[in-house]
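As the structure lists them, so they are numbered: ligands from 1, and atoms in each ligand from 1.
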Amino acid sequence: MNKSTTKTLSWAAKKLRPASVNIIPKALNISADESTPNYWFYDSPFLTQFFSSFSATFPGGEQYMIDTVRMFRDQVKDNKVLYKDCGGFIGQEAHHSREHKVINDFMQSRGFPVESVENMIERILPFFKKMRKKDQMALTAAAEHYTAYFGDLVLSNPEVIENVHSTIRPLFVWHAIEEIEHKAVTYDLFDATDGEYLSRIYGFVLASALLGYLTTYGMATSMWVDRKNMTIRDTAKGLWWMFGFGKNSGYLIKSLPFLLEYFQPDFHPWDDDNSHLISKWRSELDKINVGKEKEQKAA
Ligand SMILES: [Fe+2]
Ligand SMILES: [Fe+2]
């Protein structure tokens, strides 16, 4: 069996996204204001630095993913669904970058050195743009598995959303919804243009190292600047939230199986059909926005 036949069979065997899921960019226009506290996640300096550092990776990181998809999508012109989904993906990610830039600028204006992460990404991205194109595609597909992982983590745990300040909560929900909606686009594009298992795992290792490094770097610089407000108790609570056991804790550990599914040779993002989260939270998003307006009026 030659390679192209293998790829055709592999492609045909893959799952399609559920019919109820559409990849349509929808604007949000978030605004943080004077009512937004410095510690907008669980009122916790540690956890806010974690998510703020993660947010700092989005404008540069999502632009990199958009550029990668643009580089490959002409190769799947014959696959009308995937080609159209690439357009939806590009539109959604462009919106995400813009909205996260608002939060990043807000945190910077409050004295947190978010720009240091953004600048770091600007410095290292040229290196990743020099990699072989197929490795860039594998890296992008793996990075999207991480964002799908966080999307599932957020939307599967309503108490997490409740602990995001009301001015930032819609961003969490909206971004999480769209990350689930388009979670298979870059994977399918990778699969259609390369699809080798070792490339996929190489991309995952690279994405893990990159995300781990940037988030740790962002947290370390922010925590150092904010060291007067960092406490052992808050840090311990934050670590328990990530890695602890029991109710309302250990969110990163609990979601680990989702992340590790990527290692299954026949993995596909829609093996795990979590599309019910999209329909549930699309309607909740409207209520959250209404709730936000009420809170502001009452204040
Ligand atoms: Fe995104
Ligand atoms: Fe994404």
Take the Fe ion (ligand 2) as the vertex and measure to OE1 of Glu144 and OE2 of Glu179; round to 10°. 140°
Between His182 and the Fe ion (ligand 2), is there a contact where an N/O/S atom of the residue lies under 2.8 Å from the metal? yes
Is it true that the NZ or CZ of Arg200 lies under 6.0 Å from the centre of Tyr262's six-membered ring and within 45 degrees of the ring axis? yes
Looking at Glu62, the N, O or S atom sitting nearest the Fe ion (ligand 1) is OE2
Would you kindly check if the NZ (Lys) or CZ (Arg) of Lys130 is within the cone defined by 45 degrees around the ring axis of Phe127 and under 6.0 Å from the six-membered ring centre? no
So which N/O/S atom does His96 have closest to the Fe ion (ligand 1)? ND1
Test: Lys183 cationic atom under 6.0 Å from Trp270 six-membered ring centre, within 45° of axis: yes
The N/O/S atom of Glu93 lying closest to the Fe ion (ligand 2) is OE2
Going by atom types only, do Glu99 and His175 share a side-chain donor-acceptor pair under 3.5 Å? no
Is any side-chain heavy atom of Phe50 closer than 4.5 Å to one of Ser44? no
Is the distance from the Fe ion (ligand 1) to some N, O or S atom of Glu178 under 2.8 Å? no
